[in-house]
*Asks:* 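After the structure tokens below, expect a handful of questions from me.
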Amino acid sequence: MKRLVFVGPPGAGKGTQAKLLCERLNVPQISTGDMLRAAKASGKLPQELVLKMSQGALVPDEVVIELIAERTQQSDAAGGFLLDGFPRTVPQAEALSAMLASRGLKLDVVIALEVPEELLVERAVLRRTDKATGKIYHLKYSLPPPGVELEQRADDQESVVRDRIAIYKKMTSDLLPHYEKLGLLKRIDGVGTVEQVSGRLFAALGGAEAGA
Ligand code: ADP
Ligand code: AMP
């Protein structure tokens, strides 16, 4: 289990769980959202894409496919990787499998984290990140230690979160059946504490293979 994908609506806990799983499996977490935010922060993201992100819309498939093609070639990803937030559309999924096949590789598993909408909104709206390290906190469920300088994502305003959830539902109506048909999909209940969810996740992946 070394090439994994995390699919899930905004606020489902993908980033939080991805970090824990990546430590266990000793593979890098590759988040297209993080990569796009880093490009934005360094002023390298074209203005029309900055606008799309702030509205909660998806950026074009070819942009994220190119980011993933480059990032997965880096040496730390040679032994595997966890993709967080990519693919989000069937064309992205097809581009990913074609790219891996051209390298003689394939995906091992696609994990869908499932959380009801009202909880997603609460998780995303109260999400904050450490400005210096990017570590994820929550104003109700995971308070930062004193002195940490926090920032809020531009797209974590409630109305934008609701739009992002709607966009997610629309795109996964194709994506999840696509992976289900390929026999790669594992659905995990994302309700509960971080520890409860990671316990389910590690169990579903098989304790030994998940590094237990
Ligand atoms: P995603 O990457 O899917 O958008 P995150 O991992 O950033 O989601 O989590 C969204 C917010 O919810 C964060 O503030 C995080 O601290 C919090 N969170 C994540 N998992 C849980 C959980 N199991 N219980 C409570 N809060 C959680
Ligand atoms: P995330 O951090 O995964 O919530 O992504 C934040 C934003 O980045 C999304 O709302 C999109 O605008 C953009 N984005 C991230 N990943 C993708 C992707 N795979 N396809 C298209 N847009 C993406």
Side-chain angles (χ1 to χ4, degrees), residues 4-25 27-45 47 49-59 63-64 67 71 81-86 88 111-169 171-172 188-202:
L4 304 91
V5 164
F6 259 21
V7 183
K14 298 182 297 297
T16 302
Q17 296 298 331
K19 282 192 181 66
L20 297 171
L21 192 54
C22 285
E23 273 171 27
R24 280 210 163 201
L25 298 176
V27 295
Q29 173 196 0
I30 300 181
S31 156
T32 39
D34 284 350
M35 290 162 88
L36 289 164
R37 278 185 291 277
K40 178 183 160 197
S42 65
K44 287 186 195 141
L45 195 68
Q47 204 49 43
L49 301 190
V50 172
L51 189 65
K52 274 197 187 303
M53 285 181 74
S54 67
Q55 294 167 337
L58 296 189
V59 307
V63 172
V64 278
L67 285 175
R71 180 64 187 84
F81 48 73
L82 193 165
L83 304 182
D84 163 8
F86 177 95
R88 270 169 148 94
I111 297 152
L113 265 187
E114 299 186 318
V115 174
E117 179 154 347
E118 279 318 305
L119 197 49
L120 291 175
V121 174
E122 185 192 49
R123 283 191 186 170
V125 168
L126 296 180
R127 165 168 44 198
R128 297 293 184 276
T129 47
D130 181 332
K131 213 171 169 178
T133 64
K135 192 168 165 21
I136 306 166
Y137 293 103
H138 191 274
L139 295 183
K140 182 170 167 189
Y141 298 118
S142 172
L143 291 172
V148 172
E149 200 185 339
L150 297 175
E151 63 183 356
Q152 184 178 22
R153 280 172 47 169
D155 57 357
D156 274 345
Q157 304 301 323
E158 179 166 345
S159 63
V160 182
V161 169
R162 291 196 186 272
D163 288 347
R164 287 162 59 210
I165 293 170
I167 290 168
Y168 172 83
K169 281 189 190 153
M171 65 90 181
T172 44
I188 303 289
D189 178 5
V191 179
T193 63
V194 170
E195 293 71 27
Q196 285 169 335
V197 176
S198 61
R200 276 176 216 141
L201 193 53
F202 296 155

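A quick note: this is a predicted structure, and the numbers were derived from the prediction, not measured.
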*Asks:* Which pair of non-hydrogen atoms, one from Asp155 and one from Arg164, has the smallest distance, and what is that distance?
*Replies:*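 Distance-wise, the nearest heavy atoms are O-NH1, 2.6 Å.
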*Asks:* Between the side chains of Arg162 and Glu118, is the shortest nitrogen-to-carboxylate-oxygen separation below 4.0 Å, so that they form an ion pair?
*Replies:*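 Answer for the salt bridge query: yes.
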*Asks:* Taking side chain as C-beta onward, heavy atoms only, is Phe6 less than 4.5 Å from Leu82?
*Replies:*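 Yes, side chains in contact.
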*Asks:* Among residues at least two apart in sequence or on other chains, which ones pass side-chain contact (heavy atoms from CB on, under 4.5 Å) with Ile136?
*Replies:*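 Only Thr16, Lys19, Arg127, Thr129 meet the side-chain contact (heavy atoms from CB on, under 4.5 Å) criterion with Ile136.
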*Asks:* With rounding to the nearest 0.5 angstrom, report the CG to CZ distance, Leu58 to Arg88.
*Replies:*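 One finds 6.0 Å between CG of Leu58 and CZ of Arg88.
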*Asks:* Tell me if a side-chain donor or acceptor on Lys14 pairs with a main-chain N or O of Pro9 at a distance below 3.5 Å.
*Replies:*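 At least one qualifying donor-acceptor pair exists.
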*Asks:* Which of these, Leu67, Val50, Thr32, Val64, sits in a side chain to side chain contact (heavy atoms under 4.5 Å, CB included) with Val59?
*Replies:*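 For Val59, the side chain to side chain contact (heavy atoms under 4.5 Å, CB included) check succeeds only for Val64.
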*Asks:* What's the spacing between Ile167 CD1 and Lys169 NZ if we round to 0.5 Å?
*Replies:*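 It is 12.0 Å, given to the nearest 0.5 Å.
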*Asks:* Contact between Pro144 and Asp130 at the side-chain level, heavy atoms closer than 4.5 Å - yes or no?
*Replies:*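 Side chain of Pro144 against side chain of Asp130, heavy atoms only: no contact under 4.5 Å found.
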*Asks:* With a 4.5 Å cut-off on side-chain heavy atoms, are Tyr168 and Val7 touching?
*Replies:*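 SC-SC contact between Val7 and Tyr168 confirmed.
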*Asks:* So, taking the atom named NZ in Lys40 and the one named CD in Gln47, what distance separates them when rounded to the nearest 0.5 Å?
*Replies:*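 The NZ atom of Lys40 sits 9.0 Å away from the CD atom of Gln47.
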*Asks:* Roughly how far, to the nearest 0.5 Å, is the CZ atom of Phe202 from the CG atom of Leu25?
*Replies:*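 These two atoms lie 7.5 Å from each other.
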*Asks:* Considering all heavy atoms of both residues, which atom of Lys140 and which atom of Leu126 are nearest to each other, and what is their separation?
*Replies:*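 Result for this residue pair: CB-CD1, 4.2 Å.
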*Asks:* Please name the pair of heavy atoms, one in Pro10 and one in Leu120, separated by the smallest distance, quoted to 0.1 Å.
*Replies:*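 Shortest heavy-atom separation between Pro10 and Leu120 comes out as O-CD2, 3.4 Å.
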*Asks:* Given the rule in the side chain to side chain contact (heavy atoms under 4.5 Å, CB included) test, do Asp163 and Gln55 qualify, once you have shown the distances and angles that lead to the verdict?
*Replies:* CA-CA 8 Å; Asp163 288 347; Gln55 294 167 337; over 6 Å; no
*Asks:* If you take all heavy atoms of Val197 and Gly190, which pair is closest and at what distance?
*Replies:*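 Taking every non-hydrogen atom into account, CG2-O, 3.5 Å.
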*Asks:* Just verifying a value: how many Å separate Leu51 CG and Leu45 CG, rounded to the nearest 0.5 Å?
*Replies:*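 If I round to the nearest 0.5 Å, the distance is 11.0 Å.
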*Asks:* If every non-hydrogen atom of Gln17 is compared with every non-hydrogen atom of Ser198, which pair is closest and at what distance?
*Replies:*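 Here Gln17 and Ser198 meet closest at OE1-CB, 3.0 Å.
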*Asks:* Shortest non-hydrogen contact from Arg123 to Gly11?
*Replies:*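 Distance-wise, the nearest heavy atoms are CD-O, 3.1 Å.
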*Asks:* Please walk me through it: do Leu119 and Glu122 pass side chain to side chain contact (heavy atoms under 4.5 Å, CB included)?
*Replies:* CA-CA 5 Å; Leu119 197 49; Glu122 185 192 49; 3.7 Å; yes
*Asks:* I'd like to check Met35 versus Ile30 (side-chain heavy atoms, cut-off strictly below 4.5 Å). Are they in contact?
*Replies:*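 Answer yes - side chains close enough.
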*Asks:* For the side chain of Glu151 and the backbone of Gly134, is there at least one donor-acceptor N/O pair under 3.5 Å apart?
*Replies:*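 No; judged by distance alone, with no hydrogens or angles, the pair does not exist.
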*Asks:* CZ/Phe81 to CG/Leu83 distance, rounded to the nearest 0.5 angstrom?
*Replies:*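 These two atoms lie 5.0 Å from each other.
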*Asks:* Are the side chains of Val194 and Leu20 in contact, using a 4.5 Å heavy-atom criterion?
*Replies:*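 A side-chain contact exists here, since the closest heavy-atom pair is under 4.5 Å.
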